Asks: 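One structure follows; several queries about it will come next.
Just so you know, these numbers come straight off a predicted model, no measurement behind them. In what follows, residues are counted from 1 in the order of the sequence shown.
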Amino acid sequence: MDRRFPRWARLPLRPVGPAGSDHVIFRLGDGLSVRLPRHEGATGQAHKEAEWLPRLAPHLPLTVPTPVAVGEPAFGYPWPWAVSRWIDGEVATVEALGDSTETAVRLAGFLRALQSCAPPDASEADGRADLTGEPLGDRDRDTREAIAATGDRFGARAMTRLWEAAIEAPGWDRPAVWFHGDFHTGNLLTNGGRIGAVIDFGGLGTGDPAPDLTIAFTLMSPRSRHAFRTALGVDDATWARGRGWALATGLNAHTAYAATSPRIAAQTTRQITQALIG
């Protein structure tokens, strides 16, 4: 920090917990945050957010991170890292907002606005693997293995039916739209009891918006989920793929972390069981 950004060298640096699976976060002074990738798979986020968020933010109804600078590898740390404006708020919780139809409609409005933003033109998108969404079917083998490993807890037959319906559903056949890519409860901040900000755009890309429907199963109850789906205008095929994304990502996190993190165990159990409800 001293060499790359000497203007901030005297500001206090404090860790913010709990750390995520992809980044360690520090608060720098009162007005800045520093995000450092924890593994190579998360190293593109700093440059991606710096490139795209200033272009998307004016069109979005909720606060998103404001990139300030990108730090480069130095002193043995191997990856780019990000400095952004600090966003005040508390992480959204199911207990506070899970049954709120107002919250559900507010989140649907955010996704509608994001999907309405102009996607990259051909020259910007050409060869940009970091903006290309992963096909749901690419998760087939890992998801089936996770179903086999957790079938006694969640019901292998029900999970298999959900999963096969998702990967057999018609794919997205409209122009590519922006998606957040990691739209779950932990990436929503509240202020005064209302959703105020969306953070962590490392999965930002264009294509099928179904992955963002995961929020309906990590945060919402059946009642608020119905309001969300109605406000967003989701067709049956996209909803089926969204349930598939919720199941696949929930199972992936559950099998990787539930044994060591009661918090993740509880969150992913809810995500999986809500996806099974539909």
Asks: For residues 222-248, which residue pairs qualify under ring-ring contact (aromatic ring centres under 6.0 Å, His included), counting only residues two or more places apart or in two chains?
Replies: Phe217-Trp239

Asks: Looking at His39, Gln45, Arg38, Arg35, which one forms a side-chain hydrogen bond (donor to acceptor under 3.5 Å, both in side chains) with Asp22?
Replies: His39

Asks: How many angstroms lie between OG in Ser84 and CG in Leu32, if you round to the nearest 0.5 Å?
Replies: 8.5 Å

Asks: So if you build clusters from Ile, Leu, Val, Met, Phe, Trp, Tyr with side-chain heavy-atom gaps below 4.5 Å, do Phe183 and Trp52 land together?
Replies: yes

Asks: With a sphere of 6.0 Å drawn around CD of Glu40, does it hold more than 12 non-hydrogen atoms of other residues, nucleotides or ligands?
Replies: no

Asks: Let me confirm one number: the OG-CE distance from Ser100 to Met220, rounded to the nearest 0.5 Å.
Replies: 9.0 Å

Asks: Would Phe201 and Asp182 count as a side-chain contact (heavy atoms from CB on, under 4.5 Å) if you check the C-alpha gap in whole Å, the side-chain angles of each, and the deciding distance to 0.1 Å?
Replies: CA-CA 7 Å; Phe201 283 75; Asp182 198 18; over 6 Å; no

Asks: Examine Phe5 together with Trp81 and report whether their ring centres are nearer than 6.0 Å.
Replies: yes

Asks: If you look only at distance, which donor and acceptor atoms sit under 3.5 Å apart when one is on a side chain in residues 105-115 and the other is two or more places apart or in another chain?
Replies:
from	atom 1	to	atom 2	distance (Å)
Arg106	NE	Ile195	O	2.8
Arg106	NH2	Ile195	O	3.2
Arg112	NH1	Ala231	O	2.9

Asks: Checking side-chain polar atoms at under 3.5 Å, does Thr101 have a donor or acceptor matched by the opposite partner on Ser224?
Replies: no

Asks: Partners of Trp163 by ring pair (Phe, Tyr, Trp, His ring centres under 6.0 Å), sequence neighbours excluded?
Replies: none

Asks: So how far is it from Asp208 CG to Asp173 CG, rounded to the nearest 0.5 Å?
Replies: 10.0 Å

Asks: Can you measure from CG (Leu131) to CD (Glu51) and round to the nearest 0.5 angstrom?
Replies: 7.0 Å

Asks: In terms of side-chain geometry, is the basic nitrogen of Arg241 or Asp236 positioned less than 4.0 Å from the acidic oxygen of its partner?
Replies: no

Asks: Would you say Thr238 and Asp235 are linked by a side-chain donor-acceptor pair, where the criterion is simply a distance under 3.5 Å?
Replies: yes

Asks: Rounded to the nearest 0.5 Å, how far apart are CG of Leu11 and CG of Leu28?
Replies: 5.0 Å

Asks: Are a donor atom and an acceptor atom from the side chains of Thr150 and Arg153 found within less than 3.5 Å of each other?
Replies: no

Asks: Test: ring-ring contact (aromatic ring centres under 6.0 Å, His included). Region: residues 254-278. Which pairs qualify, not counting sequence neighbours?
Replies: Phe154-His254

Asks: Sequence neighbours excluded and cut-off under 3.5 Å, please list the side-chain donor-acceptor pairs for residues 90-97, or say none.
Replies:
from	atom 1	to	atom 2	distance (Å)
Thr93	OG1	Ala96	N	3.2

Asks: Under 4.0 Å between a side-chain nitrogen and a carboxylate oxygen: does that hold for Glu164 and Arg144?
Replies: yes

Asks: Between the side chains of Thr249 and Gln271, does any donor sit under 3.5 Å from an acceptor?
Replies: yes

Asks: Side chain to side chain contact (heavy atoms under 4.5 Å, CB included) with Thr66: which residues, sequence neighbours excluded?
Replies: Arg85

Asks: Any side-chain to backbone donor/acceptor pair from Thr214 onto Pro211? Under 3.5 Å, distance only.
Replies: yes

Asks: Kindly compute the distance separating CE (Met159) from CG (Leu276), expressed to the nearest 0.5 Å.
Replies: 7.0 Å

Asks: Answer yes or no: is there a donor N or O on one side and an acceptor on the other, between the side chain of Arg225 and the main chain of Ala216, under 3.5 Å?
Replies: yes

